[in-house]
Amino acid sequence: MSQLLEGKTALILGIANKWSLAFAIAQAFRREGAKLILTYQGERLKRSVEDLAGELGEPRVLECDVTKDDDLAQLTESLEGGRLDAVVHSIAFANREDLERPFVETSRAGYLLAQEVSSYSMVAVARAAAPLMTGGGAMITLTYLGSTRVLTNYNVMGVAKAALEASVRYLASELGPRGIRVNAISAGPVKTASARGIRDFSKILQVVGEHAPLRRNTDPAEVADAAVFLASDLGRGVTGDVMFVDAGFHIMGL
Ligand code: NAD
């Protein structure tokens, strides 16, 4: 059977451990024949990501903290001469206290940090990667329903995701003429290290599992398969979009 990403090279940012959505995406991309390049945030995660790389056919693994312009410049430099066909941005961060106290109490620094890591970084990554996508390609980021709905304890991250989704539209508009498509996948809640930072996350899983049209939670492999679609030629007509992979939860009212 032919593989959907055969002959394509994908840069995947955001693997921390085996529960990371980016790891599920990397597994699916490899299954579909993509050549991978992975990044990790910093020294603390180097070992973990290098170990996981072993399960992914030993791709290149590079350090990249998206808050550091030098790291992003270094990333472009190390990849120069090669061609990228897909980029997965699976990165977010907010201070735990900003996910616990009332939104109105968000500090200036906490607000800016969430925006910098979770939203602006997509713009910075797109700028670093686009020159390498000489044959066009696909950029994919991960978002959540808290961008358009008020979800308890999501707070400052919801605002960052709203900015991220708007950035996807502006990037799609600008990069489209170069054949680069930019989309977001809005995943249902999945228990990952980042999700554990959200207070009462297990309650969210329970409510979604009970009320989503499919009456269950989201499997990371479903998010990964949607990313395969968007990165592959099957997704060639889709750009600037937010695709929900959440067992249908986002359509529900009361
Ligand atoms: P995760 O903790 O496994 O991944 C988050 C990643 O962000 C980590 O790899 C971390 O190293 C990286 N990161 C944070 N700051 C960084 C920086 N300065 N530089 C480089 N990397 C940095 O958790 P996850 O749930 O897999 O999150 C991945 C994406 O999916 C995030 O954007 C998250 O908001 C989104 N998402 C998650 C869920 C969920 O329920 N888990 C639902 C919808 C969307």
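Any value given below was found using the heavy atoms of this structure, including those in side chains, with hydrogens, waters and symmetry copies removed. Counting starts at 1 for both ligands and their atoms, following the listed order. This chain uses plain numbering: 1 for the first residue, then up along the sequence.
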Quiz item: Does V117, backbone or side chain, put an N or O under 3.5 Å from an N or O of ligand 1?
Solution: no
Quiz prompt | Test item, Y40 contacting ligand 1 (heavy atom, 4.0 angstrom) | solution = no
Quiz item: Are L151 and F93 joined in one hydrophobic group, where the rule is that I, L, V, M, F, W and Y side chains link up if heavy atoms are under 4.5 Å apart?
Solution: no
Exercise. Among all protein heavy atoms, pick the one closest to atom 31 (C) of ligand 1 and tell me residue, atom and distance.
Key: A92 CB, 3.7 Å
Quiz item: Looking only at heavy atoms of S121, does any of them come nearer than 4.0 Å to an atom of ligand 1?
Solution: no
Quiz item: Does the N or O separation between L21 and ligand 1 drop below 3.5 Å for any pair?
Solution: yes
Quiz item: Between the side chains of T67 and E116, does any donor sit under 3.5 Å from an acceptor?
Solution: no
Self-check item: Under 3.5 Å: N/O of A193 near N/O of ligand 1
Solution: no
Quiz item: Which heavy atom of L38 sits nearest a heavy atom of A53, and at what distance?
Solution: CD1-CB, 4.2 Å
Quiz prompt | N17 N/O under 3.5 Å from ligand 1 N/O | solution = no
Exercise. Tell me which part of K161 gets within contact of ligand 1: side chain, backbone, both or neither, using heavy atoms under 4.0 Å.
Key: side chain
Quiz item: Does any N or O atom in A22 lie less than 3.5 angstrom from one in ligand 1, N or O only?
Solution: no
Quiz item: Does a donor on one side chain and an acceptor on the other come within less than 3.5 Å for H89 and S121?
Solution: yes
Quiz item: Where does L45 meet ligand 1, judged by heavy-atom distances below 4.0 Å: at the side chain, the backbone, both, or neither?
Solution: side chain
Quiz item: Any nitrogen or oxygen of Y154, main chain or side chain, under 3.5 Å from a nitrogen or oxygen of ligand 1?
Solution: no
Quiz item: What pairs with N153 under side chain to side chain contact (heavy atoms under 4.5 Å, CB included), at least two apart in sequence or on another chain?
Solution: I198, R199, D200
Quiz prompt | ligand 1 to S194 polar contact by distance, N or O atoms, under 3.5 Å | solution = yes
Self-check item: Sub-3.5 Å N/O-N/O distance, Q41 and ligand 1
Solution: yes
Quiz item: Under a 4.0 Å heavy-atom limit, does C64 contact ligand 1 with its side chain, its backbone, both, or neither?
Solution: backbone
